[in-house]
Trainee: 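Structure provided below as structure tokens; questions to follow.
Values below: every heavy atom of this structure, side chains too, minus hydrogens, waters and symmetry copies. Per chain, numbering begins at 1; letters A, B, ... match sequence-line order. Since the model is a prediction, treat every value here as computed from it, not as a measurement.
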Amino acid sequence: MEQFTRFHEVAADAAGYARQWKERTRGRVVATLCSYAPEEILLAANVLGFRILGTESPIILADAHLQSYSCTLVRGALEEALAGRLDYIDGVVFPHTCDSIQRLSDIWRMNVKTGFHMDLVLPADLTTQASLDYMTAIMETFAQDLGEKLGTGISREDLGAAVLTCNQIRSAVMRIHALRNKVPEAISGTDLHAMVRAGMVMDRNEFLSLVTPLADALEAEYPTSQFHGKRILVAGGLCNMPDLFDVIEQTGSRVVMDDLCTGSRFFQGLIEPDSDLFRAIAHRYQSRIVCPAKHSGIRARGEALVRMAKESRADGVMFFCLKFCDPFGFDYPYIKEMLDENQVPSMLYELEDSLAADGQFETRCQAFIEML
Amino acid sequence: MSTKENARDGEKERTKIRCVKTMKDIMTTYYIDAKTAKENGKKVAWITSGGPVEPLIAMDVIPVYPENHGAMIGATKMGDDLCAKAEDMGYSRDLCSYARADIACATINGGPIGGLPRPDMLVCCNNICGTVLKWYEVQARYFNVPLFILDTPITHTDYSKAQHRYVADQFKNYLKFLEAHCGKPFDFDRMEEVGRLSLKGQKLWQAVLDTTMNSPAPMSAFDAFFHLALIVTLRGTQIAVDYYQALLDEMNERVSLSISAVPREEIRLMWDNLPVWYRTKWLSDTFAGHNACLVADTYTSAWCSSLRYLDENDFFNSMVEGYSRIYLNTGVDAMAEEVLTMVARYKADGLVMHSNRSCKPYSLGQYDIQRIVQERAGIPVLVMEADMCDSRNFSESQIQTRIEAFMELVRASL
Ligand code: SF4
Ligand code: SF4
């Protein structure tokens with residue numbers, strides 16, 4: 001479908017897209033580092049929210065600031081910034097997640113010139129009323145500060161409209177995810193990945209204008225499934241390599257669901273109408289499945305994954321994580337154990353940089369799928 | 001015995017820190033009390049090293065510190081086996097070695113004291129790192145006991161009103177949690193007393209550390225690593241106050257008698273990050289071999305790093321800011337400023353930074369601090385990569401070579 005072509009174009013050169021967008025609209029680009037940066041507020045401020053990932057270039061400059069035992073997302077993002085490849089950025093937002101991002105924020109602020117620097121110091125415990133109150137308060141301050149930095153200000157109407165747009169995007173994207181689960185052959189993992197990536201960097205209105213018709217068209221074209229291969233659930237830490245899906249699907253299986261912050265989780269959960277929109281934004285973050293660096297009860301993530309595996313009738317779970325990711329590392333053993341108890345087979349693959357070219361991943365992947 | 005040997009033994013006796021024995025006795029009693037808590041009808045809470053322990057003491061709960069236990073595991077060189085056991089359980093080798101050792105130890109009651117006493121509750125304050133949050137989740141699942149989280153957002157560049165309110169709210173919840181799990185109302189009078197003792201202990205500890213402003217220094221950072229145990233585990237008790245008073249007296253006596261930690265102190269160095277527990281003796285000897293004394297460190301002083309926010313007359317409420325603004329919960333630039341202040345205060349000729357694979361909030365950013373200190377204090381800085389508890393990440397020959405080169409630099413810059 002033509003929309004996928006556009007998504008692949010954007011995903012293949014996100015920086016190029018941002019540069020063109022800037023030139024065309026005279027607007028400003030604000031980089032973010034994780035899915036806890038409130039999309040709605042950025043959109044209401046009329047900036048292009050741009051999720052940055054690691055680098056595809058060798059890491060050289062960042063080595064002067066970060067030890068080798070930090071994950072490649074952190075090192076790669078800094079490399080991009082230090083090498084001047086983020087020159088299209090007018091500001092950056094660091095939501096507080098893990099220890100490595102926390103320190104990256106400091107190092108960035110001290111060494112990089114990418115416009116303004118904002119820390120969104122989120123709570124780590126997302127279970128209490130106190131943290132909901134706190135998150136509401138900092139969302140409001142964030143909107144004020146951002147408005148001031150841009151010299152525009154964000155009105156309630158702007159925010160209301162942005163919430164609506166983001167909700168529409170989320171609904172459409174989740175419909176596509178649901179369809180993939182029901183009719184796995186409808187969308188390839190690679191296409192889906194390109195769509196998700198585009199959704200994190202494209203003008204949100206443009207993205208919405210593509211994604212809703214896409215959901216309609218896909219649903220119309222694929223009412224039922226003929227798929228009999230293995231159904232895979234992908235989970236774990238950050239992952240932005242389409243060939244990963246390719247490799248999985250080359251075995252004849254399909255990725256029917258994911259729990260990635262660079263995947264479906266980015267779009268999960270709608271903002272419920274509330275007279276206090278900041279509270280509504282905070283509430284969404286508290287109710288969706290949390291990132292491993294956050295707390296939502298001692299078994300919440302494991303239970304959610306088991307539920308997801310059952311709902312998606314997954315034959316197996318493939319975990320991916322970046323080496324040196326502490327939050328994931330602590331969660332993995334118990335989640336795996338919960339999957340085992342529920343007779344859901346799983347495998348873990350740790351990525352250092354990108355996938356090794358030696359075919360090791362292909363072999364592991366094939367072996368796992370044959371075993372299912 | 002020759003007169004020479006006699007003299008050497010006499011000198012050794014004279015320079016030994018007498019309080020060491022007292023400390024060992026206190027810690028033994030403390031761990032016996034903790035391990036027999038159940039028989040004595042007392043409750044045990046595991047708590048993170050940067051957590052607010054005073055309310056526990058006020059409620060007569062025995063606080064136990066897995067991190068202090070981690071240090072003991074490291075010092076007794078039992079870290080490697082326990083860490084490897086955690087890896088067998090599925091925990092990545094890249095995770096904090098205290099956490100790995102503790103998680104493994106709990107399942108087999110291993111380690112130097114046969115495991116820690118089973119907790120009745122867990123109190124986790126993330127002002128030191130996000131690791132403790134995940135680690136305590138693991139233990140809450142394992143022991144199936146209530147977990148209280150005191151979430152203290154980082155203060156990169158400022159400490160906002162919103163975060164103050166947030167932490168203050170949680171302190172109220174902390175009391176409710178304690179009341180519920182101890183089955184009695186919170187004792188505010190006792191709290192006031194505990195707060196007073198805590199503050200007194202912290203001030204005394206700071207005074208002990210400050211005796212190294214003298215040249216030669218009566219103690220070294222390696223001594224501080226050892227004597228630190230009480231300000232962590234028994235903060236808020238009379239025992240800690242008495243102990244640090246005695247230690248302070250002894251240090252002052254050493255100053256007046258010119259007894260130094262390193263016999264011919266010529267070079268004064270500062271240490272950053274946690275100790276390398278399984279190699280403290282080797283490191284201490286290596287530096288002493290260069291007539292260098294590690295006179296101060298950022299680690300042991302962290303337990304008095306928020307003294308300026310604590311208020312003797314309103315200790316409970318001042319804890320909100322005090323526990324939010326400890327050293328590790330600030331930005332890298334603020335940490336660099338603190339290091340610079342210490343370099344000047346203790347007249348350090350060089351800085352040794354332990355780049356600790358286990359501890360990201362402490363270690364990431366060290367390269368920037370290194371550069372800032374070199375530029376602004378004009379002293380050489382050594383960054384050596386190791387780990388506090390897992391000696392599989394320690395390369396002795398490599399570190400030896402680097403220390404040699406560093407000492408030459410320091411000498412040349414004197
Ligand atoms: S991959 Fe893990 S360590 Fe890296 S930024 Fe994400 S949560 Fe942090
Ligand atoms: S060593 Fe660092 S990561 Fe480990 S518990 Fe202590 S502060 Fe946290």
Trainee: Need one label for B:V138: side chain, backbone, both or neither, based on atoms under 4.5 Å from any heavy atom in chain A.
Mentor: side chain

Trainee: Is B:S358 close to chain A through its backbone or its side chain, or both, or neither, when contacts mean heavy atoms under 4.5 Å?
Mentor: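 Neither the backbone nor the side chain of B:S358 comes within 4.5 Å of chain A.
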
Trainee: In terms of the angle between their ring planes, are B:Y362 and B:Y327 parallel, tilted or perpendicular, with boundaries placed at 30° and 60°?
Mentor: perpendicular

Trainee: Could A:K294 and A:Y36 be counted as a cation-pi pair, given that NZ or CZ must be under 6.0 Å from the ring centre and within 45° of the axis?
Mentor: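 Yes, A:K294 and A:Y36 form such a contact.
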
Trainee: Under 4.5 Å, counting heavy-atom pairs only, tell me which of A:I107, A:D119, A:V74, A:L348 racks up the most with chain B.
Mentor: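 Looking at each option in turn, the highest pair count goes to A:D119.
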
Trainee: Taking the six-membered ring for Trp, are A:F328 and A:F319 parallel (under 30°), tilted (30 to 60°) or perpendicular (over 60°)?
Mentor: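 Tilted, since the angle between the ring planes falls between 30° and 60°.
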
Trainee: Top residue by heavy-atom pair count (under 4.5 Å) with chain B, among A:A64, A:A137, A:C98, A:A293?
Mentor: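 Counting heavy-atom pairs under 4.5 Å, the top option is A:A64.
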
Trainee: Keeping A:T136 on the side-chain end and A:L132 on the backbone end, is there a donor-acceptor pair under 3.5 Å?
Mentor: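 Answer holds: yes.
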
Trainee: At a heavy-atom distance under 4.5 Å, which candidate from A:T141, A:T127, A:N111, A:L104 has the highest pair count against chain B?
Mentor: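 Max contact count across the listed options: A:N111.
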
Trainee: Using non-hydrogen atoms and a 4.5 Å limit, figure out which bit of B:R100 sits close to chain A: side chain, backbone, both or neither.
Mentor: neither

Trainee: Below 4.5 Å from any heavy atom of chain A, which atoms of B:Q370 appear? Answer side chain, backbone, both or neither.
Mentor: neither

Trainee: Tell me, out of A:I138, A:D331, A:T128, who's got the most heavy-atom pairs with chain B below 4.5 Å.
Mentor: A:D331

Trainee: Give the member of A:P327, A:C325, A:A124 that has the highest number of heavy-atom pairs under 4.5 Å with chain B.
Mentor: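 Going by pairs under 4.5 Å, I would pick A:A124.
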
Trainee: Is it the backbone or the side chain of A:F324 that comes under 4.5 Å from a heavy atom of chain B, or both, or neither?
Mentor: both

Trainee: So, are B:D387 and B:R392 salt-bridged, with charged N and O less than 4.0 Å apart?
Mentor: no

Trainee: Could you tell me whether a side-chain N or O of B:N329 sits under 3.5 Å from a main-chain N or O of B:S324, the two making a donor and an acceptor?
Mentor: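 A pair under 3.5 Å: yes.
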
Trainee: Would you kindly say whether B:H156 and A:D106 are connected by a side-chain donor-acceptor distance under 3.5 Å?
Mentor: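 Their side chains do contain a donor-acceptor pair, which is all the 3.5 Å distance test asks for.
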
Trainee: Tell me whether B:R141 forms a cation-pi arrangement with A:Y334, defined as NZ or CZ under 6.0 Å from the six-membered ring centre and within 45 degrees of its axis.
Mentor: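 B:R141 over A:Y334 ring: yes.
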
Trainee: So, B:D158 side chain and B:S160 main chain: donor-acceptor pair closer than 3.5 Å or not?
Mentor: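 Judged by distance alone, no pair lies under 3.5 Å.
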
Trainee: Quick one: does A:R288's side chain have a donor or acceptor within less than 3.5 Å of a partner on A:R265's backbone?
Mentor: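 Confirmed, A:R288 side chain pairs with A:R265 backbone.
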
Trainee: Heavy-atom distance under 4.5 Å to chain A: side chain of B:D333, backbone, both or neither?
Mentor: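 Contact with chain A involves both backbone and side-chain atoms of B:D333.
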
Trainee: If you count heavy-atom pairs under 4.5 Å with chain A, which of B:T152, B:N173, B:N356 comes out on top?
Mentor: B:N356

Trainee: With a 4.5 angstrom heavy-atom cut-off, could you sort out which part of A:H96 is near chain B: side chain, backbone, both or neither?
Mentor: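 The answer is the side chain of A:H96.
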
Trainee: Go through B:Q170, B:R165, B:Q163, B:K172 and name the one with the most non-hydrogen pairs under 4.5 angstrom from chain A.
Mentor: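 That would be B:Q163.
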
Trainee: Do A:W108 and A:F94 have ring centres separated by under 6.0 Å?
Mentor: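 So the answer is yes for these two rings.
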
Trainee: Which region of B:L150, side chain (C-beta onward) or backbone (N, CA, C, O), has a non-hydrogen atom less than 4.5 Å from a non-hydrogen atom of chain A, or is it both or neither?
Mentor: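 No part of it gets close to chain A.
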
Trainee: Specify which of B:D169, B:L147, B:T131 makes the most heavy-atom pairs with chain A at under 4.5 Å.
Mentor: B:T131

Trainee: Side chain, backbone, both or neither: which part of A:S131 has a heavy atom under 4.5 Å from chain B?
Mentor: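 Answer is both: backbone and side chain atoms of A:S131 are under 4.5 Å from chain B.
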
Trainee: Given A:D326, which partner from the list B:K134, B:R93, B:K360 fulfils the salt bridge (charged side-chain N to carboxylate O under 4.0 Å, His left out) test?
Mentor: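 The salt bridge (charged side-chain N to carboxylate O under 4.0 Å, His left out) with A:D326 is passed solely by B:K360 among B:K134, B:R93, B:K360.
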
Trainee: Within the 3.5 Å criterion, strictly below it, is a donor on B:D272 or B:Q366 matched to an acceptor on the partner's side chain?
Mentor: yes

Trainee: With a 4.5 Å cut-off on heavy-atom pairs, point out which of B:P153, B:S92, B:A140 contacts chain A the most.
Mentor: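 Result: the option with the highest number of such pairs is B:P153.
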
Trainee: Can you tell me which portion of B:N393 sits under 4.5 Å from chain A's heavy atoms? Options are side chain, backbone, both or neither.
Mentor: neither

Trainee: Looking at B:A334, B:A168, B:G365, B:S363, which one has more heavy-atom pairs under 4.5 Å with chain A than the rest?
Mentor: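 Greatest number of close heavy-atom pairs with chain A: B:S363.
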
Trainee: Contact part of B:L133 toward chain A, heavy-atom cut-off under 4.5 Å: side chain, backbone, both or neither?
Mentor: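 Contact with chain A involves the side chain of B:L133 alone.
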
